[in-house]
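Chain letters run A, B, ... following the sequence lines, proteins first and then strands; every chain starts at 1. Note that the structure is predicted; figures quoted are calculated from it, not measured.
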There are 2 protein chains.
Amino acid sequence: MVRPRQYVREEVIDKALNLFWRLGYEGAHLAALVEHTGLNRFSLYKEFGGKAGLYEASLDRFVGFLLEQYRGVLTRQPPGLENIEAALRSLEYGSEYYGCFMLNTLAQKDSAPPAAVERALAAAAEIETLYRDNLVGAVARGQVDKTADLQALGKLLQTLDQGLHMQGLAGTSDAQKDAAIAAAMALLHHAAP
Amino acid sequence: MVRPRQYVREEVIDKALNLFWRLGYEGAHLAALVEHTGLNRFSLYKEFGGKAGLYEASLDRFVGFLLEQYRGVLTRQPPGLENIEAALRSLEYGSEYYGCFMLNTLAQKDSAPPAAVERALAAAAEIETLYRDNLVGAVARGQVDKTADLQALGKLLQTLDQGLHMQGLAGTSDAQKDAAIAAAMALLHHAAP
DNA sequence: CCTGTTTCAGAACGATTGGTGAATAACCCG
DNA sequence: CGGGTTATTCACCAATCGTTCTGAAACAGG
């Protein structure tokens, strides 16, 4: 009884995400979004409410994948340094890298939709928790000294994590990032009791 | 014999830098730049050639201060871990923080002026070198093991450095960053031979 | 084959963008 | 106290922004 839509919501979000990722919120003009997603302007507004809504949907999708990936690695049993190292290594992508979309959103916190910024912050907080959980496990298994400040070490790991994303933006090769991660893990192992 | 200009070039750049810093390249509209700097549109074009030129001048000014600060800390004699820790701690700013303007530029590499992006990359490379020089000194003084991969450790320090800037964007308090830095330095000291 | 409902394609909207010109005002030197 | 030069003011430009509207197209049920 009605004309069927010619688009799949998730596919549209994927393509929009790709454009927002590369160009940022303001850089991704509506005309480019329309062309790149294949979705016409009218349907875009009906489906997402506007540019900001489409950005939020894109971030949600990215954050969903991101947290899924982090959880997949950082909830392996038993928790410990192995998981942490695996998580840091999983951050590496190809040569064409536009940074972590979540962090990019934070870097544009004055132009990106406020709702998106909030969700990015929430995701960052969860990732930090995941890292710390594995530190707790590392202590339990004797991989890290009992007297260590896990709050501080967790922040350190997240800082390293986020720094690796920036390294990607700066064009650092995966091999160099690998070496930096290896150095960090070596230090952590040396700190064992 | 001529009408004297009513503005001071450096002051204008400072104010433009402040706006670009908060709003990004595209977010800082020309009207806002004109209002915030006090410089009229026409003179802005005559002096800087346009919005892109003003952005490059802003970045140059920022990078100048930034490198001056890094050099000031990281070229103290003797080179070693003390300088490195001091440099990491010097990254902290107040609560209202918009990230490192150099890194923000990299995060907008597809919308910011290409010349600015290049200069940001060059500055990042120099900072990494400064860190590594102190690692060399640390090895010479026996603070770090001779067999350590200084290339990798240097990358690690820069990664930490850049991650701290992102932590600032994410609203992490100075105290938490302090703790993370302390944890990192403790690890480095434990790695001593 | 209509009819009702929804999507689609594209034009058009007012507002705002970065950039420019033409006229006015300010100054120093002679 | 003008004259010549430069900065400033202010209006304007074409282009583009995000958003909205209009009319045609595509289906399912009667």
I need the CG-P distance between B/Leu44 and D/dC10, as an integer number of Å. 17 Å
A/Tyr25: partners by side-chain hydrogen bond (donor to acceptor under 3.5 Å, both in side chains), with sequence neighbours left out: none
Ring-ring centroid check B/Tyr55 B/Phe62, cutoff 6.0 Å: no
Round to the nearest Å and state the distance from A/Asn40 atom CG to C/dA11 atom P. 13 Å
Does a side-chain N or O from A/Ser43 land closer than 4.0 Å to OP1 or OP2 of C/dC8, or not? yes
Where the side chain of A/His29 is defined as all heavy atoms beyond and including C-beta, which of C/dC8, D/dG18, D/dT8 is the nearest nucleotide? D/dG18
Can you pull out every side chain to side chain donor-acceptor pair (under 3.5 Å) where at least one residue sits in residues 26-36 of chain B? Sequence neighbours excluded, please. none
Under the side-chain hydrogen bond (donor to acceptor under 3.5 Å, both in side chains) test, residues paired with A/Arg41 that sit two or more places apart: none
Can you tell me how far P of D/dC10 sits from CD of B/Glu35, to the nearest Å? 14 Å
Please check the phosphate of C/dT7 (OP1 and OP2 only) for any side-chain N or O of A/Lys46 closer than 4.0 Å. yes
Could you check how far CG of B/Leu33 sits from P of C/dT16, rounded to whole Å? 17 Å
Pairs: protein N or O with nucleotides 19-23 of chain D N or O, under 3.5 Å:
{"residue": "D/dT19", "atom": "OP2", "partner": "A/Tyr45", "partner atom": "OH", "Å": "2.3"}
{"residue": "D/dT19", "atom": "OP2", "partner": "A/Lys51", "partner atom": "N", "Å": "3.2"}
{"residue": "D/dT19", "atom": "O5'", "partner": "A/Tyr45", "partner atom": "OH", "Å": "2.7"}
{"residue": "D/dT19", "atom": "O4", "partner": "A/Arg41", "partner atom": "NE", "Å": "2.6"}
{"residue": "D/dT19", "atom": "O4", "partner": "A/Arg41", "partner atom": "NH2", "Å": "3.3"}

Holding to salt bridge (Lys or Arg N to Asp or Glu O under 4.0 Å), I want the full list of residues that pass it with B/Arg76, two or more places apart in sequence or in another chain. none
Taking atom C1' of D/dA7 as reference, at what distance in whole Å does atom OH of B/Tyr7 sit? 8 Å
Sorted by chain and residue number, the side chain to side chain contact (heavy atoms under 4.5 Å, CB included) partners of B/Tyr7 (sequence neighbours excluded) come out as B/Arg5, B/Val12, B/Leu39, B/Ser43, B/Glu47
